[in-house]
Amino acid sequence: MLNIRNFNLGPLQTNAYLLTGADPAKGIIIDPGMNPAPLVRAIQDMEIEAILLTHAHFDHIGGVDEIRKLKNCPVYLHAQESDWLTNPKLNGSLLWPSVSPPITTDPAEFDLDEGQKLELIGQTFRVFHTPGHSPGSVSLLCENDLFSGDVLFRLSVGRTDLPGGRERDLLDSIKGKLFKLGDDVTVYPGHGPRTSIGFERSNNPYVS
Ligand SMILES: [Zn+2]
Ligand SMILES: [Zn+2]
């Protein structure tokens with residue numbers, strides 16, 4: 001059983017997720033964004049096994065450095081964005097100086113890739129490579145919970161006008177991979193409220 005806590009972080013209201021399994025003292029974090037103080041407080045007495053990044057846009061990585069130093073935990077990211085953590089131009093943090101300072105952190109320790117199965121916090125996470133919003137975007141499935149980053153939102157989809165974005169890839173990712181999952185899979189996106197695969201398959205106006 002996966003326990004999911006959501007933290008809305010930074011100026012773009014990015015969803016960070018703190019996940020625990022049977023042992024509440026062990027967790028993993030998906031997408032720790034900017035201004036992570038509430039998340040840092042929540043994990044004070046916890047062991048963090050990993051930080052998983054759905055992709056390396058600046059609004060999803062602003063808290064990586066602080067948490068990784070505090071908890072000495074490895075970072076996982078798709079290889080197609082392996083140089084984005086060290087490069088503020090690639091991760092977009094140089095593009096909007098009014099929104100974000102330049103963000104850099106050390107490269108990820110491990111790659112995420114299509115079909116991979118990660119055993120963390122006593123749970124299995126299946127990795128889908130879902131490019132389109134960014135070339136290395138991934139979606140992570142644990143039982144019936146899907147963490148979709150900026151690929152699929154409630155009644156919306158990720159923008160494709162940023163470097164490395166491609167609309168056709170995004171629609172292929174959603175239709176060819178995410179919409180193949182069951183109706184009852186709950187979707188936890190990188191921004192906004194959660195939804196389900198069934199609801200989006202029937203109602204999402206950007207995917208037909
Ligand atoms: Zn993004
Ligand atoms: Zn985002």
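One-based numbering, in listed order, for ligands and for the atoms of each. By convention here, the first residue in the shown sequence is residue 1.
- The minimum distance between the Zn ion (ligand 1) and any N, O or S atom of H133 involves atom NE2.
- For H57, the N, O or S atom with the smallest separation from the Zn ion (ligand 1) is ND1.
- Counting heavy-atom neighbours within 6.0 Å of N72 CG, excluding the residue itself, gives a total of 12 or less.
- For the pair NE2 of H191 and NE2 of H60, the angle at the Zn ion (ligand 2) is about 110°; rounding is to 10 degrees.
- Counting non-hydrogen atoms of other residues, nucleotides and ligands closer than 6.0 Å to CD of E167 gives a total of 12 or fewer.
- Taking a cutoff of 4.0 Å between a charged side-chain nitrogen and a carboxylate oxygen, E109 and R68 qualify as a salt bridge.
- For the atom pair CD1 (I29) and SG (C73), the distance works out to 6.5 Å, reported to the nearest 0.5 Å.
- Seen from the Zn ion (ligand 2), atom OD2 of D59 and atom OD2 of D150 lie 160° apart in angle, a value rounded to 10°.
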